[in-house]
Amino acid sequence: MIENALRFSHTLLKNTISPGDIVVDATIGNGDDTVLLAKLVGPYGKVYGFDVQEKAIQQTTEKLLYTSLLPQVELYHQGHETVGDILEANIPLAGAIFNLGYLPKSDKSIITKSHTTLKAIETLLPMLRKGALLIVVVYYGHQGGEEEKEAVLDFASHLPQKEYSVLRYGFINQQNSPPFLLAIEKR
Ligand code: SAH
């Protein structure tokens, strides 16, 4: 079966991240990406995670404790737009991932927003090492989602081809605004 955007994001992470790497989970949410990233970077790597909701931090801390993955993870209860305050600008980043929208089974009014999403992406892109990916899984079926989707697409489609390759991946015949994926590769 063809992988959906979420599964494909995990395939891309598995293909590009190795033990010892430094990566960013820009939207911790339910913590599934954080756990995968922590496994991939291993005990000598580091995952920096961000979320504005305490619930996301708590749930994910528990998941990481159960799986003994907490030592290689630092979770920040703050917006991803502040990533530049936490990471050194010259860090060799092996990857970053965003899942846009709201946290499922939670407050649907707490959503990622174009201004802060773009600020975070613009901060992270120069940190990517050669061949690294910044992945955005774009959920946009919710109120406010369309505006963010357009802003992110506009930004990504104008990135200079000499520096970045940009992929858009998603089903084009599905109802109800299925998420799609953007992968920005540092060339
Ligand atoms: N829509 C996806 C999940 C997205 S979760 C799905 O259905 O699976 C998005 C997460 O981003 C939420 O946990 C939310 O709290 C978080 N978030 C919102 N604004 C943020 C910001 N500025 N920085 C970091 N995380 C943010």
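One-based numbering, in listed order, for ligands and for the atoms of each. What you see below is based on every heavy atom in this structure, not just the backbone, and it leaves out hydrogens, waters and symmetry mates.
Looking only at heavy atoms of the protein, atom 23 (N) of ligand 1 is closest to His80 N, 2.8 Å. Ranking the protein heavy atoms by distance from atom 22 (N) of ligand 1 puts Glu81 OE1, 3.0 Å first. Among all non-hydrogen protein atoms, the one lying nearest atom 26 (C) of ligand 1 is Val52 CG2, 3.8 Å.
Checking side-chain atoms of Ser157 against main-chain N and O of Asp154 turns up a donor-acceptor pair under 3.5 Å. Between the side chain of Asp25 and the backbone N or O of Thr34 there is at least one donor-acceptor pair closer than 3.5 Å. Checking side-chain atoms of Thr27 against main-chain N and O of Asn99 turns up a donor-acceptor pair under 3.5 Å. Gln72 places a side-chain N or O within donor-acceptor distance of the main-chain N or O of Ala38, the cut-off being under 3.5 Å.
Which parts of ligand 1 touch Pro104 is read off a 4.0 Å heavy-atom cut-off, strictly below it: atoms 3 (C), 6 (C), 7 (O), 8 (O). Remark: ligand 1 atoms within the under-4.0 Å shell around heavy atoms of Gly101 are 9 (C). Residue Gly29 has at least one heavy-atom neighbour below 4.0 Å for each of these atoms of ligand 1: 13 (O). Listed by number with element, the atoms of ligand 1 under 4.0 Å from a non-hydrogen atom of Ala26 are 24 (C), 25 (N). Interface of Thr27 with ligand 1, defined as ligand atoms under 4.0 Å from a residue heavy atom, comprises 10 (C), 11 (O).
One finds no salt bridge joining Glu122 and Lys119 here, because no Lys/Arg side-chain nitrogen approaches an Asp/Glu carboxylate oxygen to under 4.0 Å. Note on Glu148 versus Lys113: no salt bridge recorded, every NZ/NE/NH1/NH2 to OD/OE distance being 4.0 Å or above. Of the charged side-chain nitrogens involved, at least one lies within less than 4.0 Å of a carboxylate oxygen, so that Asp21 and Arg129 count as a salt-bridged pair.
The proximity of Lys113 to ligand 1, defined as any non-hydrogen pair under 4.0 Å, does not occur for either the backbone or the side chain. For Thr117, no heavy-atom contact with ligand 1 is shorter than 4.0 Å.
In terms of polar-atom proximity, Asp51 is counted as a contact of ligand 1, with an N or O under 3.5 Å from an N or O of the ligand. Remark: ligand 1 and Asn99 share no N or O pair separated by less than 3.5 Å (distance only, no angle test). Residue-to-ligand polar distances keep Gln78 apart from ligand 1: every N/O pair is separated by 3.5 Å or more.
Residue contact annotation: Leu100 has a non-hydrogen atom under 4.0 Å from ligand 1. At a 4.0 Å cut-off, not a single heavy atom of Pro179 sits close enough to ligand 1 to count as contact. At least one heavy atom of Ile111 sits under 4.0 Å from some atom of ligand 1.
Residues Leu181 and Val138 form no side-chain contact, since every pair of their non-hydrogen atoms from C-beta on lies 4.5 Å or further apart.
Taking the six-membered ring wherever Trp is involved, the centroid distance between the rings of Phe171 and Phe180 does not fall below 6.0 Å.
Annotation for His80 and Thr112: closest pair CE1-CG2, 4.1 Å, computed over non-hydrogen atoms.
For the residues Tyr139, Phe98, Tyr102, Tyr76, the heavy atom positioned nearest atom 4 (C) of ligand 1 is part of Tyr102.
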Requested in this report: Verify side-chain contact (heavy atoms from CB on, under 4.5 Å) between Leu100 and Thr117, making sure each step is shown before the conclusion.
Outcome: CA-CA 8 Å; Leu100 304 184; Thr117 299; 3.8 Å; yes
